[in-house]
Trainee: 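Quick one: the structure is below, and I'll ask about it shortly.
Atoms within a ligand are numbered from 1 in the order they appear, just like the ligands themselves. The basis for the numbers below is simple: all heavy atoms, side chains too, and nothing from hydrogens, waters or symmetry mates.
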Amino acid sequence: MLNEKVAELLNTQINKEFYSAYLYLSFSNYFSDAGLDGFANWYQIQAQEERDHAMLFIQYMQNNDAKITFEAINKPENTFENHMDVLEAGLKHERYVTGLINNIYASAYELKDFRTMQFLDWFVKEQGEEETNATDLIKKMELFGSDPKSLYLLDQEMAARTYAAPSLVL
Ligand code: MG
């Protein structure tokens, strides 16, 4: 039986992960409009991963007989002036999500909920990777974004990303 507070935080996280998927689809739309189909592909796959995260939280709660309540998913606010704005919004968002995961972890730790801590370990590692990816994209855009030929090649690189199911199995 999950502690009430931990269950509530996990329930909220389902919504946050679906919001992340929605946000990244909006990034994908931005890049599709901009003619950068590789970036659009990259964020579409990112959105799929976020949906997977939501499903993992759902599965974990179901496995522990916790009641799930869905809330409305917020509208992503997109006022991007340029490509870099999108990438920076991505990094800011991942840092925010890291804070959310850490907050759930802190509650589980306080309650000696070792099961939830072990479940969250994968997400702690995943957030490290997400922040690294977001930072790398910003660096690449800084280096190559102002040169059309380089941006074309970078877009090709982004087009190569393929979907892989999460390594965490519950
Ligand atoms: Mg996520």
Trainee: Kindly say whether Leu23 contributes a backbone atom to a donor-acceptor pair with the side chain of Ser26 at under 3.5 angstrom?
Mentor: yes
Trainee: Salt bridge (charged side-chain N to carboxylate O under 4.0 Å, His left out) for Lys125 and Glu129? Distances and angles first, verdict last.
Mentor: CA-CA 7 Å; Lys125 187 164 172 278; Glu129 289 170 15; 3.4 Å; yes
Trainee: Could you tell me which N, O or S atom of Glu17 is nearest to the Mg ion (ligand 1)?
Mentor: OE1
Trainee: Please find out if the Mg ion (ligand 1) and some N, O or S atom of Glu49 are separated by less than 2.8 Å.
Mentor: no
Trainee: For Lys16, is there any backbone N or O sitting under 3.5 Å from a side-chain donor or acceptor partner on Ser20?
Mentor: yes
Trainee: Determine which of the N, O or S atoms in His53 is closest to the Mg ion (ligand 1) and give its atom name.
Mentor: ND1
Trainee: Which atom, among the N/O/S set of Glu50, is closest to the Mg ion (ligand 1)?
Mentor: OE1
Trainee: CG of Asn11 to CD1 of Ile58: how many Å apart, nearest 0.5 Å?
Mentor: 9.0 Å
